[in-house]
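To start, the structure itself, in structure tokens.
By convention in this document, chain letters (A, B, ...) are assigned in the order of the sequence lines, proteins followed by strands, and residues within each chain are numbered from 1. Please read all numbers here as calculations on a predicted model, not as lab measurements.
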Protein chains: 2
Amino acid sequence: MPGRSGPDRADLIADAWQREQPGVPVGSIGVLTRIHQAAKLLADQRRRALTGIGMDAATLDLLSTLRRSGPPYRLSTRELTARCLVTAGAITQRVDRAEREGLVRRLATTPGSRTVPVELTDRGHRAVGDAVSELLAYEQTLLDDLDPAEQEELARLLALFLRGLHDRAGG
Amino acid sequence: MPGRSGPDRADLIADAWQREQPGVPVGSIGVLTRIHQAAKLLADQRRRALTGIGMDAATLDLLSTLRRSGPPYRLSTRELTARCLVTAGAITQRVDRAEREGLVRRLATTPGSRTVPVELTDRGHRAVGDAVSELLAYEQTLLDDLDPAEQEELARLLALFLRGLHDRAGG
DNA sequence: CCACAGACGTTTAGCGCTAAACGAGGAGTG
DNA sequence: CACTCCTCGTTTAGCGCTAAACGTCTGTGG
């Protein structure tokens, strides 16, 4: 059976709208619904994987962002807000939690500035290293169904889509 | 400048890991990080668009699922759980909220069964029709940066990815 | 020198979700 | 009939987020 591929969830949704409310523009469903679904399934799997090692996605996002920035592993709240794609309030809360667990620390604001630097502690540095290498190794396996050319093409099209989306949102 | 496309967020993240922790498997980032980002930006835009018309994404998901199922616009909690990709507890809460606003109603369980049917009210039927046609028309514009062939290819690759993901998760 | 605007960060109210405990009602087996 | 299992749905505790209100500090212009 070459090309065995029945309709999936997104196909069924588009068909159902077509049937129930003809004329409704269903063109976006093929892409957008599948992106939502994939993100949801990935987030669910990631949560379960991280729970097993005593970590959560929000904290890991914070620690990873600091870790990736390179020495001295220190960024202002403002920079964290921009890089993590969440509101400033969310960063305050993430840092509160991580600080309570000794993974990061807030530094005093230098005079003549209002920025609050947040720095990775040694404990945080160790935690993020372990979690990231484990997580990335695991997530690599989720792409096994696509051959390298398909992975590259998918990444390319997503980047193209994101570029437009980002322009529309941020300016 | 043909093919003008500097590195995007995902590229920078992969490069940073490569530089900071050589040997870490960054192959999944090109696809997975972009899916996360796209879903986040789409969810943010959808929330703002729906707030403007007094709706929210969770309620719309519930109402849409009932509406798409066709007459008599009625599904059990169990079916809603399966179709909406959220836990049973979340469905209870969604139905509670929507029932409070008169958009759906719970029906009595038929003897010999434990299922609780949830049914769209006339008010819910009207609300979902308005919201969906408006939302789909708007979201269509988010895909303008991709030509039809690219949209189709992106949808195809996402479907392929989702198939594997779903098999891994659900059995 | 004072007023005022703007940037930065925090606080708070409220939303929606998950996970786990719970209850209640069949269905199967001895 | 009694017992156990299982399914369906609800409840609850707690997490993480957004949006908006709120300080607070910095720089700028009158």
Side-chain angles (χ1 to χ4, degrees), chain A residues 36-37 39-52 54-63 75-101 104-118 169, chain B residues 36-37 39-52 54-63 74-101 104-119 169:
Chain A
H36 280 298
Q37 274 178 31
K40 169 74 163 124
L41 293 178
L42 288 170
D44 286 350
Q45 294 205 355
R46 179 175 283 194
R47 180 174 353 92
R48 282 191 274 272
L50 289 177
T51 298
M55 181 58 76
D56 67 281
T59 301
L60 184 57
D61 186 32
L62 175 71
L63 301 185
L75 293 171
S76 69
T77 297
R78 183 179 143 55
E79 290 166 319
L80 288 168
T81 296
R83 299 194 192 195
C84 291
L85 287 182
V86 295
T87 62
I91 293 295
T92 294
Q93 295 173 47
R94 285 183 178 187
V95 172
D96 285 349
R97 293 193 297 268
E99 197 168 31
R100 222 176 292 135
E101 298 183 44
V104 306
R105 71 176 141 256
R106 284 185 173 92
L107 302 178
T109 66
T110 56
S113 163
R114 272 147 314 189
T115 66
V116 176
V118 177
Chain B
H36 280 296
Q37 275 178 28
K40 170 73 163 118
L41 293 178
L42 288 170
D44 286 350
Q45 294 205 354
R46 179 175 283 193
R47 180 173 355 91
R48 283 190 273 272
L50 290 177
T51 297
M55 179 58 76
D56 67 280
T59 301
L60 184 57
D61 187 32
L62 175 70
L63 300 186
R74 187 186 302 155
L75 292 171
S76 69
T77 295
R78 183 181 143 53
E79 290 166 317
L80 288 168
T81 296
R83 299 193 191 196
C84 292
L85 288 182
V86 296
T87 61
I91 292 295
T92 294
Q93 295 172 48
R94 285 183 178 187
V95 173
D96 285 349
R97 292 193 297 268
E99 197 168 31
R100 225 175 290 135
E101 297 183 44
V104 305
R105 70 176 141 257
R106 285 187 173 89
L107 303 178
T109 65
T110 55
S113 163
R114 271 148 314 187
T115 66
V116 176
V118 177
E119 190 181 80

The residue, P117(A) or K40(A), whose nearest nucleotide of DNA chain C is more 5′ is P117(A)
L85(A) atom CG is separated from dT18(D) atom C1', nearest whole Å, by 14 Å
With the side chain defined as heavy atoms from C-beta on, T87(B) is closest, among dT10(C), dA19(C), dA19(D), to dA19(C)
Shortest non-hydrogen pair, T81(B) vs I91(B), comes out as OG1-CG1, 3.5 Å
* Within a strict 4.5 Å, meaning less than it, do heavy atoms of the H36(A) and L85(B) side chains meet? -> no
In whole angstroms, the gap separating C1' of dG9(D) from CG of L80(B) amounts to 12 Å
(message) Do the side chains of D96(B) and R100(B) get close enough for a salt bridge, i.e. N-O under 4.0 angstrom?
(response) no
Between CD1 of I91(A) and C1' of dA19(D) the distance, given in whole Å, is 16 Å
For R114(B) and dG23(C), is the shortest distance between a side-chain N/O and OP1 or OP2 below 4.0 Å?
no
Atom CD of E79(B) and atom P of dT7(D) are separated, to the nearest Å, by 16 Å
Any donor-acceptor pair under 3.5 Å linking the side chain of E119(B) with the backbone of L107(B)?
no
Any Lys/Arg nitrogen of D61(A) or R94(A) sitting under 4.0 Å from an Asp/Glu carboxylate oxygen of the other?
yes
Nearest heavy-atom approach of A108(B) to P117(B) is O-CD, 3.9 Å
Original post:
OP1 or OP2 of dC8(D) less than 4.0 angstrom from a side-chain nitrogen or oxygen of R78(B), does that happen here?
Top reply: yes
Winner on side-chain proximity to R106(B), out of dA19(C), dT10(C), dT10(D), is dT10(D)
Between CZ of R46(A) and P of dT18(C) the distance, given in whole Å, is 17 Å
5' to 3', nucleotides 11-16 of chain C under a 4.0 Å protein heavy-atom cut-off (B base, S sugar-phosphate only, - none) gives BB---S
